[in-house]
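Have a look at the structure below before the remarks.
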2 protein chains.
Amino acid sequence: MVHIPSRSMSKPDGQPVGQVAQMLRAAGLRPTRQRMALAKILFSGGNRHVSAESLRDEAVDARVPVSLATIYNTLHQFTTAGLLREVAVDAARTYFDTNLSNHHHFYNEGSAGVCDIPTDGLVIENMPEPPEGTEIVRVDVVVRVRPKS
Amino acid sequence: MVHIPSRSMSKPDGQPVGQVAQMLRAAGLRPTRQRMALAKILFSGGNRHVSAESLRDEAVDARVPVSLATIYNTLHQFTTAGLLREVAVDAARTYFDTNLSNHHHFYNEGSAGVCDIPTDGLVIENMPEPPEGTEIVRVDVVVRVRPKS
DNA sequence: CTGTGTGCAAACTCTTTGCATAAGT
DNA sequence: ACTTATGCAAAGAGTTTGCACACAG
């Protein structure tokens, strides 16, 4: 048996050293199997918008054994760690967005799908002062669309 | 016993003739006790933002016997009838808004309170084209604020 | 009277939690 | 070894539904 080195393999002492593992470490999260797997699903494509359930489905497809509770935990941990952003478009489901930059969303009420609006595609002017004693955290714009009839 | 006429009393045949009753009739909804009571709570002040639970609390305060299921039914019926508008600011709770005009919202993440941003206080420019095969239903802007620390 | 609305309680969905087991360092 | 994460199942919140009774027309 010959040892074949690889970016995503473990060091002799067993510590994973891949990019994903380092991203998790940097965020203060231990690179466990489930977190690594979910992080790979989430961050190895372009920008993604997932719900807990859609991510679970992807994990199942990828043969990753992970419970729904862990999906929720992980999504919130990633959000707290600044790796994901929560998007409130529909009261029925919570969506998470891998795109952390300042941008907004289309929400298709027919398919319940979310997609990005590029930052430069929309400008808000004449922003009002927030109520006294409060400060602005973020401005979310949701452009609701539906299939043309 | 003397008959004292009033705008909100019933006609001899028992049909309520108040403004609220007529609003409901116009919307195709029978002016029942509960719907009348909830409509009065909702539409006899300025613009309101309610959740099912806050409306139930108000109904209890107003000595209106109404079940939570009826609150939900009524809110959705009013929304479908175009008397209310649903506002998606927080995935945890559904808010309904009596202000039907084109406007946006402040959402206080600390108190979970919603309030209006006047239409003229915010302008969106350079609106992008919606995805192919879809048309824009509405644009919602939520300015998330939190108590100043 | 006839049909619609309401209340109640139970069902349902999405999400969170408690605790024993498994995995990471 | 010691600590933290995971899985499972059960609880929890908010919302919806089914059915018998009550009310509006």
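So you know, we letter chains A, B, ... as the sequences are listed, proteins then strands, and number each from 1.
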How would you summarise protein contacts on nucleotides 2-11 of chain C per nucleotide, using B for base, S for sugar-phosphate only and - for none, with heavy-atom distances below 4.0 Å? -BBSSBBB--

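With C:dG24, C:dT15, D:dT15 as the candidates, the nucleotide lying closest to the side chain of A:Pro31 is C:dG24. Which of D:dG25, D:dT15, D:dT16 sits closest to the side chain of B:Ala52 comes down to D:dT15.
Across the protein-nucleic acid pair, A:Tyr72 atom OH and D:dA11 atom P stand 19 Å apart, rounded to whole Å. Atom pair A:Met36:CE and C:dT25:P shows a separation of 9 Å (rounding to whole Å applied). Here the C1' atom of nucleotide C:dC14 and the CG atom of A:Asp90 are 12 Å apart, to the nearest Å. In this structure, A:Asp57 atom CG and C:dC14 atom P are separated by 11 Å, rounded to whole Å. Remark: P of D:dT15 and CZ of B:Arg56 are 11 Å apart, rounded to the nearest angstrom.
B:Leu83 places none of its side-chain heavy atoms less than 4.5 Å from the side chain of B:Gln77. The side-chain heavy atoms of B:Met23 and B:Pro31, taken from C-beta on, include no pair separated by under 4.5 Å. Side-chain contact between B:His104 and A:Val141 is absent, with no heavy atoms from C-beta onward closer than 4.5 Å. A:Asp140 places none of its side-chain heavy atoms less than 4.5 Å from the side chain of A:Glu86.
Between A:Thr94 and C:dC14, a side-chain N or O to OP1/OP2 separation shorter than 4.0 Å is absent. Side-chain nitrogen and oxygen atoms of B:Arg93 include none within less than 4.0 Å of the OP1 or OP2 phosphate oxygen of D:dT15. Contact between the side-chain N/O atoms of B:His76 and the OP1/OP2 oxygens of D:dT16 is found at a separation under 4.0 Å.
Here the shortest heavy-atom pairing between A:Arg93 and A:Ser51 reads CD-CB, 3.8 Å. Closest approach of A:Pro128 to A:Ile136, counting heavy atoms only: O-CD1, 4.5 Å.
Between A:His105 and A:His49, the angle of the ring planes goes over 60°, which puts this pair in the perpendicular group of the 30/60° scheme.
Within 4.0 Å of B:Ala92, counting heavy atoms only, lie sugar-phosphate atoms of the nucleic acid but no base atom.
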